[in-house]
Amino acid sequence: MGVTRHGRTDRLDLLDPTLREWECTVLASDAEGIVLDRSAFYPGGGGQPPDHGVLLWNGVQTRIEGTRKGDDLYLLPAEGALLPPVGTQVTGAVEDERRTLLMRTHSGLHVLCGVVFRDFGALVTGGNMEPGEARMDFNLPEVPGDFKARLEELVNAEVAADRQVVTKVLGRDEALSLPDIIRTQSNLIPADEQEIRIVDIVGLDVQADGGTHVASTASVGQVQVLKVESKGKANRRVRVRLV
Ligand SMILES: [Zn+2]
């Protein structure tokens, strides 16, 4: 499939995460969903929820509310929406507000993971991301008394440092030879994946990751650590919000 292709669809979202509008052709269109030759809709994955948006064609606006990943990448239209026939040239448009906020949130979580790993030695055990807010679970048996306040300060210092966020695709062996590349407690990379996409917050955090990110950490904006909860013996749940 390749890292920037899914079935018959070129993944424009991975080539240029700032792209919000593009021209494309409908390859399939039925109850299963709509397949495009080129799509910038982030299909969801790695914790980042899918994009919303529209397809514009012949004066019709088909609202897209989700995706389904099979052999092809299926865009799921809103209920009752008119579907563009196969072969139609359409303009795709991703809803900017949702996507941009998800990019900021996703990059912010990588900053959080990077800081928690560097300064507290803890790995990620789970998480959830919504536009502008998220929770992340860490394996951290001993929690320092001022953990919440220190964490917020450290994360925002890294945001303010405006570190570059660089995405690259490496061969499997090269990627897995990088130290600490797998930041989750369990290795989630499929055994047959030959190429691995890497997101590098330069100087802070390198992770295998398939999501969309801002270009540098200043774009994340201020991160508020809302809560640190205990979920089991060693598991700590950190809730954050972008402000
Ligand atoms: Zn990620």
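Atoms within each ligand, like the ligands themselves, are counted from 1 in listed order.
- Ring centroid separation for the pair Phe120 and Phe138 does not come in under the 6.0 Å cut-off.
- Under a 4.0 Å N-O distance rule, the pair Asp72/Arg8 qualifies as a salt bridge.
- The CG atom of Leu27 lies 7.0 Å from the CG atom of Leu36; values are rounded to the nearest 0.5 Å.
- Phe41 is linked by a ring pair (Phe, Tyr, Trp, His ring centres under 6.0 Å) to Trp22, counting only residues two or more places apart in sequence or in another chain.
- In this structure, OG1 in Thr212 is found 8.0 Å from CG in Leu14, a value given to the nearest 0.5 Å.
- No donor-acceptor distance shorter than 3.5 angstrom exists from the side chain of Arg239 to the backbone of Arg135, with no hydrogens or angles considered.
- Inside a sphere of radius 2.8 Å centred on the Zn ion (ligand 1), the protein N/O/S atoms present are His106 NE2, His110 NE2, Asp209 OD1.
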